[in-house]
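In what follows, a single structure is set out as structure tokens and then discussed.
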2 protein chains.
Amino acid sequence: MFSKACEYGIRAAVYVALQSLDGRRVSVNEIAEEIDSPIAFTAKILQQLSRSKVIHSVKGPTGGFELDRTEMDTVKLSMIVHAIDGDDIYVGCGLGLKECNANQPCPLHDKFVDIRTDLKNMLENTSLYELATGLEVGLTYLKR
Amino acid sequence: MFSKACEYGIRAAVYVALQSLDGRRVSVNEIAEEIDSPIAFTAKILQQLSRSKVIHSVKGPTGGFELDRTEMDTVKLSMIVHAIDGDDIYVGCGLGLKECNANQPCPLHDKFVDIRTDLKNMLENTSLYELATGLEVGLTYLKR
DNA sequence: AATAAATAGGACAAAAATGTCCTTTATTGG
DNA sequence: CCAATAAAGGACATTTTTGTCCTATTTATT
Ligand code: FES
Ligand code: FES
């Protein structure tokens with residue numbers, strides 16, 4: 001469904017949001033540890049997220065990654081997925097035709113578009129805040 | 001969503017079904033031509049589908065790939081996806097945790113499972129016959 | 001100013017997915 | 001039997017994704 005990079009990216013962003021709720025800024029090392037991901041690879045992904053304004057980065061001692069409270073509401077999963085995986089998942093044809101086109105649909109088009117639309121809506125309506133709060137309460141996990 | 005191999009596999013299987021409706025057996029070359037896919041790679045995928053009993057293969061002159069009419073109804077997309085991409089799409093965690101586990105869910109679990117279940121149902125309820133008939137009537141396309 | 005801590009970024013490495021080529025095996029028809 | 005045809009399969013090549021390592025840059029602290 002999502003690339004590894006995207007999975008790590010979402011988990012990382014949720015962790016940053018969670019810690020930002022307590023006003024804590026977090027380092028790449030801490031993030032990678034807490035979401036159980038390869039450190040250097042995670043660093044690349046955090047760079048991408050930072051460039052796409054999904055999270056903020058601060059250099060130097062006491063630096064790290066953070067998010068302000070208001071952004072946790074406005075940043076939706078769709079932005080993260082788009083920043084890392086691009087828009088294939090939103091506009092691509094399920095059977096791999098050049099583009100999805102309702103005028104010359106592939107045999108799976110109608111059924112596929114239904115699912116894709118649900119997925120898109122879900123991603124567009126899910127904020128980092130929402131995901132972070134479940135974690136805070138101890139109901140969900142970013143690693144096992 | 002699906003791998004390239006899986007996309008080609010579905011398109012190939014639908015084309016085989018379509019031609020089998022007319023009692024025509026088709027070669028790898030014809031299939032690759034008609035679904036616009038790389039020949040040798042398509043051959044490998046057809047081998048997989050044949051081994052998984054999704055389609056039948058016949059060697060030698062006048063050989064090729066075919067499906068009997070009754071199988072077109074019983075073969076569902078879920079079988080093709082499972083044969084080629086495995087069961088990740090059915091049982092994997094959306095955020096990449098080792099396995100999807102409702103007792104220790106990732107933050108996206110509930111919402112992800114909804115989508116995944118819809119996708120699973122769609123694949124399990126869609127037969128090759130259904131997809132082939134749309135093609136036959138000229139309403140859908142396997143290449144553009 | 002010097003040091004140290006932290007992200008940014010480039011170059012490289014490994015693994016997986018995608019794709020190609022060639023030989024083998026089975027089968028048909030002459 | 002022989003030749004031709006088509007799938008099966010093994011080995012290899014290319015591309016993409018995933019992952020690592022090292023250096024540069026920024027900045028807080030002393
Ligand atoms: S054309 Fe294939 S999903 Fe729309
Ligand atoms: S645990 Fe992540 S989707 Fe179920």
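We name chains A, B, ... by the order of the sequence lines, and we start the count at 1 in each one.
Where A:Ile39 and A:Pro61 each meet DNA chain D at their nearest nucleotide, the meeting point lying more 5' is that of A:Ile39. Two residues, A:Val58 and A:Phe2, neighbour DNA chain D, and the one matched to the more 5' nucleotide by heavy-atom proximity is A:Phe2.
Residues B:Glu66 and B:Val58 are in side-chain contact: their nearest non-hydrogen atoms beyond the backbone lie under 4.5 Å apart.
A:Leu46 has its CG atom 12 Å from the C1' atom of C:dA8, to the nearest Å. The nearest whole Å value for the distance from the CD atom in A:Glu30 to the C1' atom in C:dA6 is 13 Å. Note: CD1 (B:Ile55) to P (D:dA8) measures 8 Å, nearest angstrom. If you measure from atom CD1 of B:Ile84 to atom P of C:dG19, you get 13 Å, rounded to the nearest angstrom. Going from atom CZ of A:Phe41 over to atom C1' of C:dG10 covers 16 Å, rounded to whole Å. For B:Asp88 and C:dA16, the CG to P distance is 13 Å, given to the nearest whole Å. Atom CD1 in B:Ile45 sits roughly 15 Å away from atom C1' in D:dA7 (whole-Å rounding). Between B:Asp85 atom CG and C:dA17 atom P the separation is 9 Å, expressed in whole Å.
Taking the side chain of B:Thr62 as heavy atoms from C-beta on, and the options D:dG9, C:dG9, C:dG29, the nearest nucleotide is C:dG29. Of all nucleotides listed (D:dT18, C:dG10, D:dT25), D:dT25 comes nearest to the side chain of A:Lys59. Taking every side-chain heavy atom of B:Pro38 into account, C:dT20 is the closest of D:dT18, C:dT20, C:dT7. When each of C:dT7, D:dG19, C:dC21 is scored by its nearest atom to the side-chain atoms of B:Lys44, the top-ranked nucleotide is C:dC21.
Under 4.0 angstrom from either OP1 or OP2 of C:dG19 there lies at least one side-chain N or O belonging to B:Tyr8. In terms of phosphate contacts, A:Gln47 brings a side-chain nitrogen or oxygen within less than 4.0 Å of OP1 or OP2 of C:dG9. Contact annotation: A:Ser27 does not reach the phosphate of C:dA5 (side-chain N/O to OP1 or OP2, under 4.0 Å). Between A:Ser57 and C:dA6 there is no side-chain polar atom (N or O) within less than 4.0 angstrom of OP1 or OP2. Contact check, A:Arg51 against C:dG9: a side-chain N or O comes under 4.0 Å of OP1 or OP2.
Using modelled atom types and a 3.5 Å distance limit, the side chains of B:Asp73 and B:Ser127 yield no donor-acceptor pair. Residues A:Glu71 and A:Tyr129 bring no donor and acceptor atom of their side chains to less than 3.5 Å of each other.
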Could you go through the salt bridge (Lys or Arg N to Asp or Glu O under 4.0 Å) check for A:Glu130 and A:Lys76 one step at a time? CA-CA 10 Å; A:Glu130 181 179 351; A:Lys76 311 294 185 185; over 6 Å; no

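Rounding to the nearest 0.5 angstrom, the gap separating the CD1 atom in B:Ile80 from the CZ atom in B:Arg11 is 12.5 Å.
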